[in-house]
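Below is one structure, written out as structure tokens; comments come after it.
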Amino acid sequence: MSAGLVEGAPTGADATYLRRVIEGARRSREAGRHPFASLVVLDGEVIAESQSMKSGNTDATNHSEMRVLREASATRPPPVLARATLYASTEPCAMCAGATYWAGIGRLVFGFSEASLRALTGADPWNPTLALPCREVFARGSRHIEVIGPYLEEEAASPHQGFWGAKR
């Protein structure tokens with residue numbers, strides 16, 4: 001294990017928050033957007049929550065994680081966010097993992113893995129995934145980030161089933 005990564009075990013609250021973002025991913029899909037959602041919890045309080053705002057191939061940075069990290073870090077510095085947990089319905093991509101690191105988030109819990117998403121989407125032009133797990137991004141950092149996931153992966157996969165490759 002690298003200096004930038006700490007493996008952890010889920011807590012009692014993790015399943016509750018993760019199911020909340022999985023439901024958010026389902027609602028995002030129902031609204032015609034990509035099936036992703038995330039939230040940030042600090043000291044037991046949800047301080048930011050978002051679904052993906054991507055529909056089609058517009059604004060490649062409009063991922064749910066980027067949205068919640070911008071909101072959370074707008075008023076809280078990295079030393080405060082070191083106590084926070086980012087919950088993501090799907091493992092953060094390399095861009096979102098980098099933003100998680102720079103925001104100062106101390107813990108990440110995710111559902112559906114990037115590898116499983118890549119296997120499901122294949123070469124879908126609406127989701128050109130990188131084969132770069134968030135753990136590899138965090139392992140290059142100089143501070144620890146606890147990572148739990150994939151967790152509840154079968155549940156987290158459900159908003160993606162039948163979405164990728166379908167006409168949108």
Side-chain angles (χ1 to χ4, degrees), residues 2-31 33-55 58-114 117 127 129-130 132-153 155-156 159-160:
S2 177
L5 177 64
V6 175
E7 293 292 331
T11 68
D14 289 339
T16 299
Y17 288 122
L18 194 54
R19 285 186 171 114
R20 181 168 164 172
V21 296
I22 293 167
E23 180 55 32
R26 190 177 334 281
R27 287 192 315 270
S28 184
R29 176 186 176 155
E30 289 168 359
R33 299 184 305 266
H34 290 193
F36 301 96
S38 58
L39 61 82
V40 175
V41 174
L42 176 64
D43 300 333
E45 177 188 349
V46 175
I47 61 169
E49 186 168 12
S50 182
Q51 298 170 7
S52 173
M53 296 309 287
K54 278 188 58 87
S55 60
T58 60
D59 191 356
T61 66
N62 215 353
H63 294 193
S64 67
E65 298 93 338
M66 296 297 286
R67 296 171 59 79
V68 297
L69 292 167
R70 283 184 196 115
E71 184 178 340
S73 63
T75 57
R76 294 161 186 91
V80 171
L81 291 177
R83 300 191 315 266
T85 300
L86 170 64
Y87 291 90
S89 60
T90 303
E91 180 174 2
C93 70
M95 173 182 68
C96 293
T100 301
Y101 177 83
W102 290 114
I105 298 290
R107 188 167 180 268
L108 166 67
V109 178
F110 69 87
F112 198 43
S113 73
E114 180 73 14
L117 178 64
N127 193 51
T129 62
L130 292 170
L132 182 59
C134 68
R135 285 177 169 88
E136 288 186 36
V137 175
F138 298 149
R140 303 295 190 261
S142 60
R143 65 175 184 77
H144 296 290
I145 298 175
E146 181 181 4
V147 178
I148 292 115
Y151 180 51
L152 305 176
E153 189 168 31
E155 289 178 48
H160 296 278

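Nothing fancy with the numbering, it's 1 onward along the sequence.
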Value rounded to 0.5 Å, distance of CZ in Arg27 from CD in Gln51: 5.0 Å
From Thr90 atom OG1 to His34 atom NE2, the distance as rounded to the nearest 0.5 Å: 12.0 Å
Give me the atom names and distance for the closest heavy-atom approach of Ala88 to Ser38. CA-CB, 4.0 Å
List the steps and the verdict of side chain to side chain contact (heavy atoms under 4.5 Å, CB included) for His160 and Phe112. CA-CA 9 Å; His160 296 278; Phe112 198 43; 3.6 Å; yes
With sequence neighbours excluded, what pairs up with Tyr101 under the side-chain hydrogen bond (donor to acceptor under 3.5 Å, both in side chains) test? Ser142
For Cys96, give me all partners under side-chain contact (heavy atoms from CB on, under 4.5 Å), at least two apart in sequence or on another chain. His63, Glu65, Met66, Pro92, Cys93
If the condition is side-chain hydrogen bond (donor to acceptor under 3.5 Å, both in side chains), which residues does Glu23 pass it with, not counting sequence neighbours? Arg26
Without placing hydrogens or testing angles, list every side-chain donor-acceptor pair under 3.5 Å for residues 39-48, not counting sequence neighbours.
residue: Asp43; atom: OD1; partner: Arg83; partner atom: NE; Å: 3.1
residue: Asp43; atom: OD2; partner: Arg83; partner atom: NE; Å: 3.4
residue: Asp43; atom: OD2; partner: Arg83; partner atom: NH2; Å: 2.7

Would you mind listing every salt bridge (charged side-chain N to carboxylate O under 4.0 Å, His left out) that reaches into residues 84-108, with sequence neighbours excluded? Asp14-Arg107, Arg107-Glu146
Rounded distance [0.5 Å steps], CZ in Phe138 versus CZ in Arg143: 8.0 Å
If the condition is side-chain contact (heavy atoms from CB on, under 4.5 Å), which residues does Leu132 pass it with, not counting sequence neighbours? Ala94, Leu130, Glu136, Val137
Not counting sequence neighbours, which residues clear side-chain hydrogen bond (donor to acceptor under 3.5 Å, both in side chains) with Ser28? List them please. none
Please round to the nearest 0.5 Å and tell me the distance separating atom CG of Leu108 and atom OG1 of Thr85. 8.5 Å
Where is the tightest heavy-atom contact between Gly111 and Pro150, given as atom of each residue plus distance? O-CB, 3.0 Å
Acceptor/donor pairs from residues 68-78 side chains to any protein atom, 3.5 angstrom cut, sequence neighbours excluded:
residue: Ser73; atom: OG; partner: Leu69; partner atom: O; Å: 2.6

Set of salt bridge (Lys or Arg N to Asp or Glu O under 4.0 Å) partners for Glu30, sequence neighbours left out: none
Using the ring pair (Phe, Tyr, Trp, His ring centres under 6.0 Å) criterion, which residues pair with Phe110? Sequence neighbours excluded. none
Begin with the C-alpha distance, continue with both residues' side-chain angles, and end with the deciding distance and a verdict on side chain to side chain contact (heavy atoms under 4.5 Å, CB included) for Ser113 and Glu153. CA-CA 7 Å; Ser113 73; Glu153 189 168 31; 3.0 Å; yes
Thr100: partners by side-chain hydrogen bond (donor to acceptor under 3.5 Å, both in side chains), with sequence neighbours left out: none
Can you list everything that forms a side-chain contact (heavy atoms from CB on, under 4.5 Å) with Ala13? Sequence neighbours excluded, please. Thr11, Tyr17
